[in-house]
There are 2 protein chains.
Amino acid sequence: MVNQSQDALKNFDPSFLVPGQSIDCVIIGYNEMGLHILVLKWKGMAGWILPGGFIGIGEDMDAAAVRVLEERTGLKLPYLKQFHTFGKVDRGNFNAELVEADMLPGRSSPIIQWLTQRFITTGYLSLVNMKESMPTPDFLTERCLWKPLNDLPDLMFDHRQIVQTAIAEIRNQINYMPVGINLLPEKFTMRELQSLYESILERALERSNFQKKILRLGYLNRHEKKMTGEAHKAPFLYSFDGDKYNQLLGQGLGFL
Amino acid sequence: MVNQSQDALKNFDPSFLVPGQSIDCVIIGYNEMGLHILVLKWKGMAGWILPGGFIGIGEDMDAAAVRVLEERTGLKLPYLKQFHTFGKVDRGNFNAELVEADMLPGRSSPIIQWLTQRFITTGYLSLVNMKESMPTPDFLTERCLWKPLNDLPDLMFDHRQIVQTAIAEIRNQINYMPVGINLLPEKFTMRELQSLYESILERALERSNFQKKILRLGYLNRHEKKMTGEAHKAPFLYSFDGDKYNQLLGQGLGFL
DNA sequence: ACAAAAGTGTTATCCTTACACCCATGT
DNA sequence: ACATGGGTGTAAGGATAACACTTTTGT
């Protein structure tokens, strides 16, 4: 593992990459504990970062984002959307921290030369099913895992701001983004769908009105009841009617 | 003029610019004929382009956009907002067209070297008062002027798509963008404000309901009547109450 | 029987929409 | 007086929000 990593570092060849331009992915998952973000921890460094990468010569920027996402999660064809490009000079460079951390071989190595240039980064947000994802570290990272949005560790550079911008985007665009169909399992209860919306909007919704509104939109299929063994009425399970869902998504699933 | 231009071309020094990254501005104005876009025509070339530029080493990307806008319009502190980054490999390169047009000195000149690299461009949209703007060509451009959005000339590269993306953004975000206060003159009639909204939304709005809705929001000051000399009731002139307007803008000027 | 949560119903209120009506202006 | 467009009023319909009521489940 260490050898493999060292080899990768020595063999790092930036000559096929677009210089100065990176992408960072805010990969969002959801479970009963709330929204989660996929983060990486760099070897030998204190802070965590978002999964990111660079753009190949001859590679579309969007394709690079798809590639990064697949490499880190194993998921293909995810929901992925560019949301903002961060172009400040002082985004918190690699320079000081990386070199001081003595994590990488020699100041003059190609990878140090590469990493310490100024980067303009484009943020992508992705909505994925946490349980189907397979978080996978790359050669520079020690760990790769889901962290709750409400209890994120310290992130390096401006990555905290990138996350906040992504969350603001999803909140503003909630009626035009396929949050339910991407973040929930195949079958779910109405309560689970409501909790998802409440997690994103960060406010309580009225239960009975939520139920009626969603059902009136008509993109849910009702299935058998879910017998939880608890002492109350069993809720129905629902699934999305993909066609109707996507059709309605285009004109907005009016909410507030 | 020619000498000055040739000097500028010879003296072009890209060593203080961020390579591979450009910005393009969709500068939007409005008059009684509808929405307009500021476009440039390159010397010796058929197509028009959007005002754009590059980012200085040590210059924030947003600052570069402010600089470009001021250089082309003379306007300081405009409304300016990043809306999308275009990262396809094939955005329509300079390569073929520019060299064939024989517009620039020699294939190996610094400026040709610079222009024919792959660029990822970030689009900014700006809302300005057409009558206060002073369209100003730069050393590479022959003309710089306002063209009606409904009758744009052919644009080079992917600039048509950039404009369309910008217009889609303003249409989607109309309730959260200061369109009225930036696109209209100091004083205006209710009909003029309505026509502006109709131009952006590309659909008719009901006159009396528009009036009541706007007035209910309470950010307009009513002034004297505008006597046009026409044979009907004279409309009031209005102006924006900047404080209330900006305050309401934050939470959206609910429309549809 | 009881508690708890799911599902449905009811009501008041607000916003939108469509259209009617009067008002001011110049011919 | 008349045509024209500005300004205001009104009534129907739809959406929302708050809360009441009924149903189902396991103890």
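The chains referred to below are lettered A, B, ... by the order of the sequence lines, with proteins before strands, and numbering in each begins at 1. Not measured: the values here are computed from a predicted model.
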Please answer whether the main-chain N or O of A:I200 pairs with a side-chain N or O of A:R171 as donor and acceptor at a distance below 3.5 Å.
-> yes

Assert: residue with more 5' nearest nucleotide on DNA chain C, out of B:R207 and A:E206, is A:E206

Could you please name the option among D:dT8, D:dA17, C:dT25 that lies closest to any side-chain atom of A:N209?
-> D:dA17

Looking at the side chain of A:L215, which of C:dT8, C:dC23, C:dG7 is the nearest nucleotide?
-> C:dT8

Considering only D:dT25, C:dT25, D:dT8, which nucleotide approaches the side chain of B:S208 most closely?
-> D:dT8

Name the closest nucleotide to the A:K212 side chain, picking from C:dA5, C:dT10, C:dC23.
-> C:dT10

Between D:dT25, C:dA18, C:dG26, which nucleotide has the shortest distance from any of its atoms to the side chain of B:M227?
-> C:dG26

For atom NZ of B:K226 and atom C1' of D:dG6, their distance in whole Å = 13 Å

Give the rounded distance in Å between these two atoms: NE2 of B:H232 and P of C:dT27.
-> 11 Å

DNA chain D nearest-nucleotide lookup for A:T228 and A:R216: closer to the 5′ end is A:R216

Round to a whole Å and report the spacing from CD of B:E230 to P of C:dC23.
-> 22 Å

Is it the case that A:K225 places NZ or CZ above or below the six-membered ring of A:F236, under 6.0 angstrom from the centre and within 45 degrees of the axis?
-> yes

Starting at CZ of A:R222 and ending at P of C:dA6, how long is that distance when rounded to a whole Å?
-> 13 Å

Rounded to whole angstrom units, what separation is found between the CG atom of B:L205 and the P atom of C:dA18?
-> 11 Å

Which one, C:dT16, D:dG7, C:dG7, comes nearest to the side chain of B:Y238?
-> D:dG7

Of all the nucleotides listed (D:dG6, D:dT8, D:dT16), which has the minimum atom distance to the side chain of B:Q211?
-> D:dT8

Starting at atom NZ of A:K213, determine the distance to atom C1' of C:dT8, rounded to an integer number of angstrom.
-> 18 Å

Separation of C:dA6 atom P from A:H223 atom NE2, nearest Å, is 18 Å

Think A:R191 has a side-chain N or O under 4.0 angstrom from the OP1 or OP2 of C:dA6?
-> yes

Return the value, rounded to whole Å, for the distance between atom NZ of A:K233 and atom P of C:dG7.
-> 6 Å

A:E198, A:M190, A:E192 screened by side-chain contact (heavy atoms from CB on, under 4.5 Å) with A:Q194, the one that passes | A:E198

Using 30° and 60° as the class limits, which term best fits the ring planes of B:F188 and B:F240: parallel, tilted or perpendicular?
-> tilted

Would you call B:E32 and B:R191 a salt bridge, taking side-chain N to carboxylate O under 4.0 Å as the test?
-> no

For B:K225 and C:dT25, is the shortest distance between a side-chain N/O and OP1 or OP2 below 4.0 Å?
-> yes

